[in-house]
Amino acid sequence: MTEVVGLGYVGLYATDLEAWRTYGTEVLGLQDVSAAEDSDDQTVLLRADERGWRFAIHRGDAGGAAYVGWEVANQPALDALGERLAAAGVAVEEDPDCAVVRRVEGLLRCTDADGHRLEFFYGARVPKQPFVSPRGVRFVTGDLGLGHVFFFVTDLPAAKKFYLDMLGFRLSDTIEFHGRKVHFLHVNPRHHSLAFVQNDKLAPALGHFMLEVDHIDDVGRTLDEVNTRGVQLTETLGRHTNDLAISFFMKNPSGSEVEYGYDGRLVDDATWRVSNYDATSLWGHHRD
């Protein structure tokens, strides 16, 4: 078992912060809290629920992932995770200065097998002011954490060793197609908080992150916004074979993609059985 209880936050680089501010609020329905959180002019902070922030967009020379934050329950869990990673030979470091910036009580950082920066934390700040989506959207978070992230990796066995063996994430299932096998991992009842596939042409890179909403109409309304605003749609509306989410995919201003979906499957570890699927979708999800 893992000390990690959910995906906590995502940091991204972008060359155009104003494009992300507009995209994050008017398309995704996130709340811009940069001013409320006293963010500097090099960072846009976006809120999705009761937490102070969930996405940090940093000005950079190119797009891509800056870091991924994984939440643990408390200080003992953080200590135990750090000790296990260190014993496995992973260079892990406590970073109190970063904890102040991220507005959390404690934080450790390391890199995964592909060099992606990971931050493990506890004690995220919850402000008194309620989350208010500019589009009236409600996201499915809470005990399930913040959606999921999907990575292209250079070395599949190394990624599996790091996340499954060292971190203790649990395998939900796999999808095998076009000679590649996608692995889906969970840390709580959400079907997957992390997925990865080896792709030598694209790796190492963040492929997409997923946001789940609590009503199918919000998926449709967001798709209307995408079409109206000319946002690049990368996969049409469809339903996945394994997690059963109804979703579509679109480009974001950092160059990766966002999956926007509804009705994701939940995992009960007491009864769950790992399966291997031969297709990604029951219907739809055609690449543009």
Side-chain angles (χ1 to χ4, degrees), residues 1-11 65 67-95 106-122 143-177 179-200 202-210 242-243 264-277:
M1 300 294 283
T2 180
E3 291 84 2
V4 175
V5 296
L7 176 63
Y9 54 76
V10 175
Y67 48 83
V68 175
W70 295 101
E71 185 173 9
V72 302
N74 48 40
Q75 184 69 55
L78 191 66
D79 292 341
L81 180 59
E83 290 169 3
R84 192 169 72 256
L85 286 173
V90 177
V92 59
E93 182 178 351
E94 186 175 4
D95 194 335
L107 183 147
L108 299 174
R109 58 180 172 83
C110 69
T111 58
D112 68 7
D114 266 311
H116 296 294
R117 174 169 169 145
L118 307 182
E119 299 176 356
F120 303 96
F121 72 93
Y122 79 95
D143 291 342
L144 299 180
L146 176 66
H148 69 247
V149 289
F150 177 99
F151 280 102
F152 297 113
V153 302
T154 58
D155 187 332
L156 184 60
K160 291 171 65 176
K161 180 179 180 180
F162 182 84
Y163 284 102
L164 291 168
D165 299 341
M166 294 184 187
L167 283 181
F169 286 24
R170 303 181 290 281
L171 183 65
S172 300
D173 45 47
T174 58
I175 297 179
E176 192 165 4
F177 67 107
R180 297 189 177 101
K181 183 176 286 189
V182 189
H183 287 66
F184 298 83
L185 281 57
H186 66 277
V187 295
N188 59 48
R190 187 185 289 278
H191 176 272
H192 61 284
S193 295
L194 171 69
F196 50 76
V197 64
Q198 183 166 326
N199 187 319
D200 298 333
L202 300 175
L206 173 68
H208 71 260
F209 65 82
M210 189 265 195
N242 59 343
D243 74 350
R265 194 176 191 176
L266 299 180
V267 170
D268 180 352
D269 279 313
T271 58
W272 187 258
R273 300 294 181 267
V274 174
S275 299
N276 178 35
Y277 295 84

Just verifying a value: how many Å separate [X] [atom1] and [Y] [atom2], rounded to the nearest 0.5 Å?
{"X": "D112", "Y": "M166", "atom1": "CG", "atom2": "CE", "value": "11.0 Å"}
{"X": "S275", "Y": "N242", "atom1": "OG", "atom2": "CG", "value": "9.0 Å"}
{"X": "F196", "Y": "D155", "atom1": "CZ", "atom2": "CG", "value": "10.5 Å"}
{"X": "D243", "Y": "M210", "atom1": "CG", "atom2": "CE", "value": "6.5 Å"}
{"X": "L167", "Y": "L85", "atom1": "CG", "atom2": "CG", "value": "5.5 Å"}
{"X": "R170", "Y": "M1", "atom1": "CZ", "atom2": "CE", "value": "4.0 Å"}

N188 (side chain) donor-acceptor with V5 (main chain) under 3.5 angstrom: yes
Are E3 and P76 close enough that some pair of their side-chain heavy atoms sits under 4.5 Å apart? no
Got L156 and H183 here, is their nearest side-chain heavy-atom distance under 4.5 Å? yes
Can you confirm whether or not the ring centre of W70 sits under 6.0 Å from the ring centre of F169? yes
Using a strict 4.0 Å threshold on nitrogen-to-oxygen distance, state whether R109 and E93 make a salt bridge. yes
Other residues, nucleotides, ligands: >12 heavy atoms within 6.0 Å of N276 CG: yes
Would you check if there is a donor-acceptor pair between the side chains of S172 and H192 at a distance under 3.5 Å? no
Where does the angle between the aromatic ring planes of F151 and H116 fall among parallel (under 30°), tilted (30 to 60°) and perpendicular (over 60°)? tilted
